[in-house]
Structure formats: structure tokens, C-alpha cells
> 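One structure, as C-alpha cells, below. Some questions next.
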Amino acid sequence: MASIFRSPEAKERLVQWHHRFRERIGRPTESRRIETRFGETHVLSCGPADAPPVVMLHGALASSAHVMGEVASLADRFRLIGLDVIGQSPMSAEVRPEVKGTTYGQWAVDCLDALELDRVNLIGVSWGGFIALRTAALAPESILRLSLVVPAAIVNGHGLDPVVKQAVPLMMYRAFPSPARLEKFLRYQLSTPDDPDWKPYMGDALLDFRLDFRPPGLVREGELDALDAPVQVFGAELDLSFPGERLLERSQKIFRNLVQAELLAGSRHSPATDPDSRLLLAGKIGAFFSNTSEGVPAASA
């Protein structure tokens, strides 16, 4: 099986980035590994062990530490459990399952079973949103509340903008890396372009990963009708990958229990990462989850 990284050195560089983002969380964290039918998965946990569990699925080319750092304030009230997505993180098995069908949902359910979690609050960010949707389709009973932040698999970009402003700059940067070419790509990705960690991390990740260009299929209308859990969706106004207004409009059609749909004004695909913006977004997610805090089973991760 071919590695998902360009070299052993590339993988190690990304592992070190995971540790750097883990330090950025600023709270005690715990690491463990679990087995799934698709291979080993790394799990990062934070927050009181007896608090309501919030399982988090990060975006492509990232890790559990990346997403946990953006919502770390939730650890005051919840047990945060970050799953390192197979095929998209340097911390878990180097396998890339089929993106069509329920495969990634099966992986997520395996993780919940291994962690002995019956029902959880679930956060899916970007690619992690696609996995959350596959989980919701396969095992809707496992989800108490679902929060999706700029999720994949609801809408795709349209027109020439994604090609001209994303695909071409990405190919140019990978072929001829330079700070100027990286800047040209990231100007349409990051809402906080001068973040001291995210910008250089993306520079390495775009070169060190063997990129997976398979687009996940869009969720079909009626596919999530068995999901009784309340749903919260955030779209980004300036997102070229998943245009925010179209994302929220289609969310109205596919979720029976959509209770909050919010457009992040002025946001690129990656929401702002300055401290105030982090606290604001985490606060909205925490308020949504807190409506069902009582009676939620304690986390075991």
C-alpha cells in the first residue's frame, strides 16, 4: 500500500505539527489509540472525564489537535474527543477508504464502539462534516446533536472561481513551491491569513501529503430522514469550496430538524482563528450542545 505521505520525513514533519497544535490547545490533553476495521485510529481527549462527550471530526490534511485548538473553550463543560481521520491525519492509519457509500460512516461507528460511546454530540468540520453526514446516515441513533462547520458533501463550488482561485494556484505551489505561490492559494482559504501556525502548517501539508482529489458525493434529499437529532450548520460567506448561502439553503432541504443555520460573514473556507473569533464560534456550538447536557452519558475516552 502506497503511503499517503511523500516521504517518511514528510510524515514526521506533520507529526511534529500535530504536537505543536496540541500545545496550542493550552489545556491538559490525553492521547490513546483504538482499533477499527480500517486500521488504528489516534484519539485526543480534553476536559473533565465525566462531562458530556463531544466527538470532533477534523478537516482534510489536519489532525485532532487542529480542530480541538479552535474550540478548546468547550472543554470547560464537555469532554472533547478528537478522532484523527484515517487517510487525512499523520496520527492514524495510512488508508483512504472509498468516499462513496457508508465506508467512512462505518469507521466513525467503529470509533464510537471502541470508545464505548452510545450517543454523542458530534462536530464535523469541512471534510469531517462529510464523515459526520455519513455517520448520521448510517447510525442516526448515535447522535444527540450535530454541529457542522463549513461541511463538505452538502454543496460544491460552482463556476470557474474554484478552478482559477484554488485549483490552479494549488498545482503551481506544489510544482514550484514559494511563499508568493502559497500566499496566492491561501488568500481564498484562510480567514486569518497571518496566523503564525496555520499558514506555515498549510505550506508543509500541501507539499507533504499525497493529496486525495476524490470528491465526496453530495448527501441526497431524504437520506437523513431517520436523523432525529437537532442540527446546527455554519456556512462561510466567502467560501469557494462550499458557498455559504447555497450551503445553508440546501441544509434546509436535507435536515428535518435544522434548528440553527448561520452564515459566517466575511469568512473564507477556514473560519477566523484569532482568540475572539474562536471563543465566539465555540460559544455558539457550546450553547447548542448545552440544551441536552443533562442525561448525556459520560465519556470513556
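What you are looking at is a predicted structure, and each value in this text was computed from that prediction instead of being measured.
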> Just so I know, are the side chains of R119 and S142 near enough to count as touching, which here means a heavy-atom distance under 4.5 Å?
no
> To the nearest 0.5 angstrom, please state how far the NE2 atom of H18 sits from the CG atom of D84.
5.5 Å
> Working to the nearest 0.5 angstrom, can you tell me the gap between E35 CD and T41 OG1?
8.0 Å
> Checking side-chain polar atoms at under 3.5 Å, does S290 have a donor or acceptor matched by the opposite partner on R77?
yes
> Do I4 and L206 share a hydrophobic cluster, counting only Ile, Leu, Val, Met, Phe, Trp and Tyr and linking them when any side-chain heavy atoms are less than 4.5 Å apart?
yes
> Say whether, by atom type as modelled, one donor and one acceptor occur between the side chain of R33 and the main chain of M91 under 3.5 angstrom.
yes
> Does the side chain of S45 come under 3.5 Å of the side chain of E30 through a donor N or O and an acceptor N or O?
no
> Is any side-chain heavy atom of H42 closer than 4.5 Å to a side-chain heavy atom of S31?
yes
> Would you say the side-chain atoms of R27 pair up with the backbone N or O of C46, donor to acceptor, closer than 3.5 Å?
no
> Any sub-3.5 Å donor-acceptor pair from S267's side-chain atoms to L264's backbone N or O?
no
> Specify the closest pair of heavy atoms between I86 and Y104, including all atoms of both residues, with the distance to one decimal.
O-OH, 3.2 Å
> Is R6 close enough and on-axis enough to F209, meaning under 6.0 Å and within 45°, for cation-pi?
no
> Side chains of S63 and H58: donor-acceptor distance under 3.5 Å anywhere?
no
> Could you tell me which non-hydrogen atom of T103 sits nearest to which non-hydrogen atom of K100, and how far apart they are?
OG1-O, 4.0 Å
> According to the side chain to side chain donor-acceptor pair (under 3.5 Å) rule, which pairs have a member within residues 123-139, sequence neighbours left out?
S126-H269, R134-E223
> Keeping the roles fixed (side chain from S7, backbone from A10), state whether a donor-acceptor pair exists under 3.5 Å.
yes
> What donor-acceptor contacts under 3.5 angstrom involve side-chain atoms of residues 154-171, with partners at least two apart or in another chain?
{"unit_1": "Q166", "atom_1": "NE2", "unit_2": "S241", "atom_2": "OG", "d": "3.2"}

> Is there a donor-acceptor contact under 3.5 Å from the side chain of Y201 to the main chain of H66?
no
> Look at the rings of W17 and F21 and say which category their plane angle falls in: under 30° parallel, 30 to 60° tilted, over 60° perpendicular.
tilted
> Distance check, rounded to the nearest 0.5 Å: R13 atom CZ versus D204 atom CG?
5.5 Å
> Return the minimal non-hydrogen interatomic distance between I131 and V85, and the atom names on each side.
CD1-CG1, 3.4 Å
> Mark yes when over 12 heavy atoms from residues, nucleotides or ligands other than R220 sit less than 6.0 Å from its CZ; otherwise mark no.
no
> Measure from the side-chain N and O atoms of E141 to the backbone N and O of A226, and report whether any donor-acceptor pair falls under 3.5 Å.
no
> How close do T192 and D274 get, heavy atom to heavy atom, and via which atoms?
OG1-N, 3.9 Å
> For the side chain of E221 and the backbone of I254, is there at least one donor-acceptor N/O pair under 3.5 Å apart?
no
> Between the side chains of T29 and R22, is a donor N or O closer than 3.5 angstrom to an acceptor N or O?
yes
> Closer than 3.5 angstrom, by distance alone: can the side chain of S191 be matched with the main-chain N or O of R268 as a donor-acceptor pair?
yes
> Looking only at atom types and distance, does a side-chain atom of S277 sit under 3.5 Å from a main-chain N or O of T273, one as donor and one as acceptor?
no
> Just verifying a value: how many Å separate Q106 CD and C111 SG, rounded to the nearest 0.5 Å?
12.0 Å
> Which atoms form the tightest heavy-atom contact between A93 and F38, and what is the distance?
CB-O, 4.1 Å
> List the atom of P53, the atom of I81, and the distance in Å for their closest heavy-atom pair.
CB-CD1, 3.9 Å
> Which value, rounded to the nearest 0.5 Å, describes the distance between I123 atom CD1 and L80 atom CG?
7.0 Å
> Find the distance between CD1 (I285) and CD (Q232) and round it off to the nearest 0.5 Å.
5.5 Å
> Using only atom types and a distance under 3.5 Å, with no angle test, would you say the side chain of R256 pairs donor to acceptor with the backbone of D225?
yes
